[in-house]
Amino acid sequence: MRNLSFSVKKCDKKYVLAFIITLLCSIVCGIVLYKPVTTNIYFITFANDYVYNVFNFQNTPLFFTHFLADVLYFYVFFLICYLTKFKYLTLILLYLRGLFFGIYSVILICVSSVGGIVVAIFVFIPATVLSFAICFIITEICQKFDRKYAFFLPLALALLDGIVLMLLVNVLFRVVIIIV
């Protein structure tokens with residue numbers, strides 16, 4: 001029974017280096033673009049809604065927005081890597097995702113004051129970093145996964161990522177709020 005078995009090989013070191021460099025460059029670009037983006041009301045509204053939902057422990061809007069974004073990104077990463085041999089194309093999507101992560105992080109920290117800082121440190125940044133790690137895992141193991149269950153892998157990983165987000169909000173963040 002080899003349903004969940006896949007051969008383990010060493011990671012592509014060039015891809016790991018390109019992944020890290022792309023992620024760091026996109027986050028820095030997102031931080032630099034903070035000032036021009038603050039004129040766009042969408043980003044400010046997102047930050048305010050995110051902080052409001054976390055502080056009021058409203059899990060449904062947080063879970064579904066995070067889950068749907070992860071399903072979209074994970075399936076695109078998966079399809080690029082599973083159907084083609086051009087896994088370096090995923091770096092373009094990684095750059096866009098890292099760019100928005102940098103912008104949202106700075107807006108959460110700068111615009112939403114202390115509440116935004118706490119939310120960014122304990123909820124938003126860990127959940128997004130986990131999502132980046134899952135994107136990397138998908139690009140590395142999708143070709144080695146059993147064909148029968150391969151198309152359910154991104155959905156299962158997105159659900160796992162959403163559950164971790166809910167644990168961050170309902171367990172870690174509540175403990176921090178109680179202590180502070």
Test side chain to side chain contact (heavy atoms under 4.5 Å, CB included) applied to N170 - qualifying residues, sequence neighbours left out: F57, N59, M166, R174

Among residues at least two apart in sequence or on other chains, which ones pass ring-ring contact (aromatic ring centres under 6.0 Å, His included) with F63? F67

Apply ring-ring contact (aromatic ring centres under 6.0 Å, His included) to F77 and list each qualifying residue two or more places apart in sequence or on a separate chain. none

T45: partners by side chain to side chain contact (heavy atoms under 4.5 Å, CB included), with sequence neighbours left out: I41, D49

Donor-acceptor pairs under 3.5 angstrom involving side-chain atoms of residues 17-33: please list them, not counting sequence neighbours.
{"residue": "T22", "atom": "OG1", "partner": "A18", "partner atom": "O", "Å": "2.7"}
{"residue": "S26", "atom": "OG", "partner": "T22", "partner atom": "O", "Å": "3.1"}
{"residue": "S26", "atom": "OG", "partner": "L23", "partner atom": "O", "Å": "2.8"}

Mind checking who shares a hydrophobic cluster with V175, ILVMFWY linked at side-chain heavy-atom distances under 4.5 Å? I179

Please list, one pair per line, the donor and acceptor atoms closer than 3.5 Å that link side chains of residues 151-161 to other protein atoms, with sequence neighbours excluded.
{"residue": "D161", "atom": "OD2", "partner": "H66", "partner atom": "NE2", "Å": "3.1"}

Enumerate the residue pairs fulfilling side chain to side chain donor-acceptor pair (under 3.5 Å) with a member in residues 118-132, sequence neighbours excluded, ordered by first and then second residue. D70-S131, R97-S131

By side chain to side chain contact (heavy atoms under 4.5 Å, CB included), which residues pair with I121, not counting sequence neighbours? I117

Quick one: list whatever passes side chain to side chain contact (heavy atoms under 4.5 Å, CB included) with L89, sequence neighbours left out. I80, F86, I92

My understanding is that only residues two or more places apart in sequence, or in another chain, count here; which of them pass ring-ring contact (aromatic ring centres under 6.0 Å, His included) with Y88? Y15

List for me each residue that meets ring-ring contact (aromatic ring centres under 6.0 Å, His included) alongside F74, sequence neighbours excluded, and say none if there are none. none

